[in-house]
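In what follows, a single structure is set out as structure tokens and then discussed.
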Number of protein chains: 2
Amino acid sequence: MPRMAAKDRREALIAAAIRLMARDGVAKATTRAIAGEAQMPLGVFHYCFASREELLQEVITRLAAESVVAARQAFAGAEDPASMITKSLQVFWQGVELHPEEQLVGYELAHYALRQPGMEPLARRQYAEYLEAIEELLSEAAKRLGTEWTAPVPVLARYVHSVLDGLTMCWIVDRNSEHSREVLRLAGEHLLSFIAEPS
Amino acid sequence: MPRMAAKDRREALIAAAIRLMARDGVAKATTRAIAGEAQMPLGVFHYCFASREELLQEVITRLAAESVVAARQAFAGAEDPASMITKSLQVFWQGVELHPEEQLVGYELAHYALRQPGMEPLARRQYAEYLEAIEELLSEAAKRLGTEWTAPVPVLARYVHSVLDGLTMCWIVDRNSEHSREVLRLAGEHLLSFIAEPS
DNA sequence: GTCTATAGGAAGATAGAC
DNA sequence: GTCTATCTTCCTATAGAC
């Protein structure tokens with residue numbers, strides 16, 4: 001008599017893995033540790049997942065999707081179209097300062113995927129999704145403002161993503177919120193300067 | 001009769017470790033693999049280093065120092081003070097596209113240090129050195145131009161560092177050189193806009 | 001499906017002959 | 001100092017009883 005359906009076990013293991021990786025890092029998330037975190041016997045792991053790598057792939061996909069959803073929500077929440085950009089950046093940054101471990105896990109998983117033969121496509125997709133989400137948000141913003149961007153949207157999206165990604169990592173290391181927020185403000189204003197006057 | 005002084009062994013092992021990590025990643029750089037790469041018996045490792053961690057600490061310090069030196073050289077090489085910034089960014093980027101593995105190792109080591117209890121200070125120092133180097137370069141640039149920055153130098157340095165760091169990681173994943181160079185150009189121009197008119 | 005027990009290997013580090 | 005052989009621990013994955 002199963003206490004839990006196999007499908008639910010999978011979910012529980014994924015959740016446990018994410019929790020564990022956020023706390024101790026991807027390297028420490030062994031099959032044993034994950035099963036332990038989910039309070040299941042080790043043997044369970046391998047009839048829910050074919051291998052540790054399969055679980056990690058699932059985690060990468062989940063986390064990337066979550067991040068994209070969070071970004072869209074932050075964006076949709078803004079009323080005043082003029083401050084849409086600024087507000088989204090602030091909401092994103094609040095998330096970073098509140099849950100830096102999750103961001104760190106994202107980096108670790110990307111590197112893991114890049115180093116694992118055959119898993120590079122997953123890392124590529126992870127980044128492609130982020131970039132695409134930002135592109136959509138930028139296009140949406142221009143549309144709502146009834147204007148256009150004066151630089152190619154894919155380039156602007158890459159710019160935004162790079163600043164946020166680099167700034168996040170920098171803050172995770174030195175926790176300098178004051179300077180980080182200044183950079184965020186500065187980059188936000190720069191981005192706004194690429195909005196053409198409404199025709 | 002030693003074929004090599006212990007001090008030289010240390011250097012050889014460090015070099016082998018860096019080579020190996022660039023090729024296969026930090027996780028694959030086990031004591032066995034490093035000794036093998038240096039064509040030494042495993043036993044050698046532990047009378048050159050007290051532990052694997054001690055070697056990694058040494059590697060982190062070396063790589064950070066190298067990066068800073070490279071940045072200064074790129075900067076010093078420019079003649080025309082007006083294009084100093086732009087040129088430095090380009091030189092940096094050439095390095096990234098030529099040796100992306102080294103950059104990736106830098107990220108991996110930073111994350112390793114952050115996750116290893118007691119090693120966070122090393123990661124902090126690594127980032128602090130980068131930031132400080134950029135601050136010095138910015139100050140030097142303003143001095144040569146006979147002008148000032150219209151924003152705090154530490155903030156500008158963090159901005160530059162973040163863009164470069166984030167953009168590098170993004171390029172390592174998707175190898176989109178065209179868009180990356182556009183972002184670099186765009187960020188460079190933005191940076192130049194913070195130069196006050198010479199008094 | 002479920003869990004215990006274990007296979008089989010690789011990791012960091014050390015003991016001890018030379 | 002030098003190197004071989006080995007200790008101990010921890011890993012992923014599986015075999016096999018229930």
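When reading the values below, keep in mind they use all heavy atoms of this one structure, side chains included, and skip hydrogens, waters and symmetry mates. Predicted model only: the values in this text are computed from it and were never measured. Chain letters run A, B, ... following the sequence lines, proteins first, then strands; residues in each count from 1.
Remark: C1' of C:dA13 and NE2 of B:H46 are 5 Å apart, rounded to the nearest angstrom. Straight-line distance from the CE atom of A:M40 to the C1' atom of C:dG1: 13 Å, rounded to whole Å. In this structure, A:Q39 atom CD and C:dT2 atom P are separated by 17 Å, rounded to whole Å. For A:R10 and C:dT2, the CZ to C1' distance is 17 Å, given to the nearest whole Å. Atom CZ of B:F49 is separated from atom C1' of C:dT14 by 18 Å (rounded to the nearest Å). What separates CG of A:L13 from P of C:dT2 is a distance of 12 Å, to the nearest Å. In this structure, A:I34 places its CD1 atom 17 Å from P of D:dC10, rounding to the nearest Å. Distance A:K7 NZ to C:dG1 P: 11 Å, rounded to the nearest Å.
Note on B:F45: nothing from the nucleic acid sits closer than 4.0 angstrom, heavy atoms only.
In this structure, A:E11 does not pair ionically with A:K7, as no charged nitrogen and carboxylate oxygen lie closer than 4.0 Å.
No hydrogens or angles considered: a donor-acceptor pair under 3.5 Å links the side chains of A:Y127 and A:D165.
Residue order along DNA chain D, read from the 5' end via each residue's closest nucleotide, puts B:A6 first among B:R32 and B:A6.
The backbone N or O of B:A33 lies less than 3.5 Å from a partner atom in the side chain of B:T30, making a donor-acceptor pair. A:T150 places a side-chain N or O within donor-acceptor distance of the main-chain N or O of A:F194, the cut-off being under 3.5 Å.
The side chain to side chain contact (heavy atoms under 4.5 Å, CB included) test applied to B:E37 returns B:A16, B:R19, B:L20, B:R23, not counting sequence neighbours.
For B:R9, taking side-chain heavy atoms from C-beta onward, the closest of the listed nucleotides C:dG12, C:dG1, D:dT2 is D:dT2. For A:Y47, the listed nucleotide lying nearest its side chain is C:dC3; candidates were C:dC3, D:dG1, C:dG12. Closest contact between the side chain of A:L42 and the listed nucleotides C:dG1, D:dA13, D:dC3 involves D:dA13.
The phosphate of D:dC10 has neither OP1 nor OP2 within less than 4.0 Å of any side-chain N or O from A:R52.
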